[in-house]
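Working notes, structure below.
One-based numbering, in listed order, for ligands and for the atoms of each. Note that these values count all heavy atoms, side chains included, but never hydrogens, waters or copies made by symmetry. None of these values were measured; they are calculated from a predicted model.
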Amino acid sequence: MSRRAKMISKIKELMYKPDYIRNIGIVAHIDHGKTTLSDNLLAGAGMISAELAGDQLFLDFDEQEQARGITIDAANVSMVHPYNGKEYLINLIDTPGHVDFGGDVTRAMRAVDGAVVVVCAVEGVMPQTETVLRQALKEHVKPVLFINKVDRLINELKLKPEELQERFIKIISQVNKLIKSMAPKEFKEKWQVRVEDGSVAFGSAYYNWAINVPIMQETGITFKDIYQYCKEDRQKELAQKVPLHKVLLGMVVEHLPSPSESQTYRVPVIWQGDLESGEGQAMLKTDPNGPLAVMITDVRIDKHAGEVATGRIFGGTIKKGDEIFLVGSHTTSRVQQVGVYMGPERINTDVVPAGNIVAITGAKNVVAGETICDTERKIEAFESLEHISEPVVTVA
Ligand code: GDP
């Protein structure tokens, strides 16, 4: 079997194991390194060639955004990542980095269960960090923290190791303060990010390395060593010893929830229907055999496939050829094909079960925010997506 065929069969296998899925977004203030991080994660997970990462911005394929140099459309990529002897399917939803597109960030947040919050070590927590974090927390999306551009603190700002530590502490405490003030009550403490447990990582997306406490313990590499590697211009070596994708995706698997875990507390918040009903139970249990419940988070036009709607399946299974009901517009439509993402590509799979991000082609009149269900089992619509674009809490 070719590598590609193997990858497809792996993804098809993992999509039926919600405990081994992580649906995540990367959120950041503009220029803090979200694009560089996404590209290097994909390259590291073997989904694009390493030489291309950084040069070719796979997530930035919209021409309009290329012209402006900012990310407008939310795009999807998926990766298979081995961790502690098991393989995981990681679906990464790109989120726009510009505050004007807050609506898109909110939509992307509906599809995911966890978020990697990227903060540039040089600039620290910025207004958009706060906005995107707020959007995530409002959707009951759990955060982990990646402090990026650490190389610059050492090589450009020439900070001493103690000063480095002070910066880190400041960023972490600001992020935790935001989590405390903006997270749902039951998660204010539980979702605090902590250096000790590995829910905070440090590194350089550009130079492709990262470190957190569990990896330090595993490899014996200390902050002092990191300092030396950067100072001595040996970051390539560091990238081989502690590769960005391994550390970051390990942190994602370990600390961010699977759909089966998160749907138990997210469904009651994003869906106001009867939780005791068949569809309510199917969503709470991420059951692929229950009634269909999909929330569409993005629609875009593909040159070849026409309209492609991307959404999160909370319950049931969507199939090629299905007749579906669009709850918001009270119309029916037919699904031409369904698929999932492999790297930045879409692959048709004929069926996609609960817990996954699905790409639906050929369904007419579908818009972002729409709820999709079976024609014979109509369900209540998901909560509408609220646009948040202004920081509400001020960072001290
Ligand atoms: P985005 O707006 O958050 O997507 O940020 P980008 O990924 O486009 O990065 C913004 C700029 O910062 C680019 O010039 C990157 O090359 C640079 N950059 C990103 N990460 C790092 C890093 O870890 N170290 C350094 N020195 N530069 C970085």
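Each of Lys246, His81, Met79 was evaluated against Leu41; a single residue qualifies, Met79, per the side chain to side chain contact (heavy atoms under 4.5 Å, CB included) test.
Nearest-residue assignment for atom 15 (C) of ligand 1 (options Val122, Leu244, Thr36; heavy-atom criterion): Thr36. The heavy atom nearest to atom 27 (N) of ligand 1, out of those in Trp209, Tyr206, Phe146, is found in Tyr206. For the residues Asn155, Val118, Asp151, the heavy atom positioned nearest atom 26 (N) of ligand 1 is part of Asp151.
With contacts defined as side-chain heavy-atom distances shorter than 4.5 Å, the pair Tyr341/Ile11 does not qualify. For the pair Ser204 and Lys149, the minimum side-chain heavy-atom distance is 4.5 Å or more.
If you number the atoms of ligand 1 from 1 as listed, the ones under 4.0 Å from a heavy atom of Lys34 come out as 1 (P), 3 (O), 4 (O), 5 (O), 7 (O).
Residue Ser204 touches ligand 1 through backbone and side chain together, judged by heavy-atom distances below 4.0 Å. When non-hydrogen atoms are compared, ligand 1 lies under 4.0 Å from the backbone of His32 (N, CA, C, O) but not from its side chain.
Between Glu156 and ligand 1, a contact under 3.5 Å exists for no N or O pair. The distance criterion of under 3.5 Å between nitrogen or oxygen atoms is met by Lys149 with respect to ligand 1. The shortest N or O to N or O distance between Gly33 and ligand 1 is under 3.5 Å.
Between the side chains of Asn208 and Gln235, no donor-acceptor pair of N or O atoms lies under 3.5 Å. Side-chain contact check for Lys236 and Tyr207: no donor-acceptor pair (N or O, by modelled atom type) lies under 3.5 Å. A side-chain N or O of Arg312 and one of Gln263 form a donor-acceptor pair less than 3.5 Å apart.
At least one heavy atom of Ala205 lies less than 4.0 angstrom from ligand 1.
Ala381 is linked by a side-chain contact (heavy atoms from CB on, under 4.5 Å) to Val327, Thr371, counting only residues two or more places apart in sequence or in another chain.
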